[in-house]
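Index from 1, following the sequence.
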Amino acid sequence: MRLSWTAFIELLRCTLRGHLRNRLALVLAVAFIPIWIFVARLCTSDQVVRIRLDAISGPVSAPAGQVGQVASALGAITMVAGFITFTETFQSREMDRRLLLAGYPRLPILLAKLAALALTAALLALYTTILLWISLPVRHAAPLALALAGAGLAYGGIGLLLGSLVRGELEGFFLIIMLSLVDTGLQNPVFNTLMDVAGVSALPLYGVNQLALSSALTSHIPWSHGLLSLTWSAATGALALLVLHTHRTSRSPLPRRSRVQAG
């Protein structure tokens, strides 16, 4: 157990260091999120719109600019978290395989990636909540931060999954972008006012979107929808861990030079 705990700490440190070395991810996290929120504020009017939220079972009246900023913040977090976790997982596949061949236990490798994802989602949520707090009158900051963290966890789990499945980085980036655009577009009440598209409640951002909009714009806090989003995030992460486990334990041959060195 002590050896596994030591391995987990070391692998977590290496994973986080890999995130910090990813300059594109850092730029996206620091610059893309506030820019995306500002663009939403700039491109939407202050006209009051009437939207319907399932979380409070009724209509809500709020300025379109405020609704758009919250929805854009969710979209920005999904892309950034997805990119960060996908890039690290994809680039570390060969190293993880070598660690397993060298005798490292499997579970710490998998748990280190999930722990790094949780830390990343928490930091992104805190940063984005502060930005939204500055930009608009947020009613309840804590549940809003929980919703943003749930969005990061959900798409971070998707990034882990894609990082283990796809063969090229471009494929993974494209899938993350398309999933995020479709999901955020259908969940944005400025574009989809009635929120009556069939199957929208099955999408990853449904629960966090309901919790974020309700917490930021109303006096209601629909904790049940927050729990729904965390359940979805946990399921995504569990599936990603399962795929990582099966792929890492498969006996994929190393390159010839690596086999000679291993022998």
Peer 1: So, for L153 and A118, which heavy atoms are closest and what is the spacing to 0.1 Å?
Peer 2: CD2-CA, 3.8 Å
Peer 1: Can a donor-acceptor pair be found between the side chains of D183 and Y206 at a distance below 3.5 Å?
Peer 2: no
Peer 1: Output, in order, the C-alpha distance, side-chain angles, deciding distance and verdict of side-chain contact (heavy atoms from CB on, under 4.5 Å) for F83 and L28.
Peer 2: CA-CA 9 Å; F83 281 150; L28 287 174; 3.5 Å; yes
Peer 1: What is the distance from atom CG of L132 to atom CD of Q69, rounded to the nearest 0.5 Å?
Peer 2: 7.0 Å
Peer 1: How many angstroms lie between CG in L160 and CD1 in I84, if you round to the nearest 0.5 Å?
Peer 2: 11.5 Å
Peer 1: Is the closest side-chain heavy-atom distance between F173 and T87 below 4.5 Å?
Peer 2: yes
Peer 1: Is any side-chain heavy atom of I221 closer than 4.5 Å to one of S214?
Peer 2: no
Peer 1: Determine, stepwise, if the pair S72 / V39 fulfils side-chain contact (heavy atoms from CB on, under 4.5 Å).
Peer 2: CA-CA 9 Å; S72 296; V39 169; over 6 Å; no
Peer 1: Could you tell me which non-hydrogen atom of T85 sits nearest to which non-hydrogen atom of G156, and how far apart they are?
Peer 2: OG1-O, 3.1 Å
Peer 1: Please report the closest heavy-atom contact between A154 and P204, naming both atoms and the distance.
Peer 2: CB-CB, 4.3 Å
Peer 1: Which value, rounded to the nearest 0.5 Å, describes the distance between L117 atom CG and T15 atom OG1?
Peer 2: 11.0 Å
Peer 1: For the hydrophobic clusters of this structure (ILVMFWY residues joined by side-chain heavy atoms under 4.5 Å, transitively), does one cluster hold both L181 and L162?
Peer 2: yes
Peer 1: Where do S215 and P143 come nearest, in terms of heavy atoms and distance?
Peer 2: OG-CB, 3.3 Å
Peer 1: If you compare all heavy atoms of T44 against all heavy atoms of G65, which two are closest, and at what distance to 0.1 Å?
Peer 2: OG1-CA, 3.1 Å
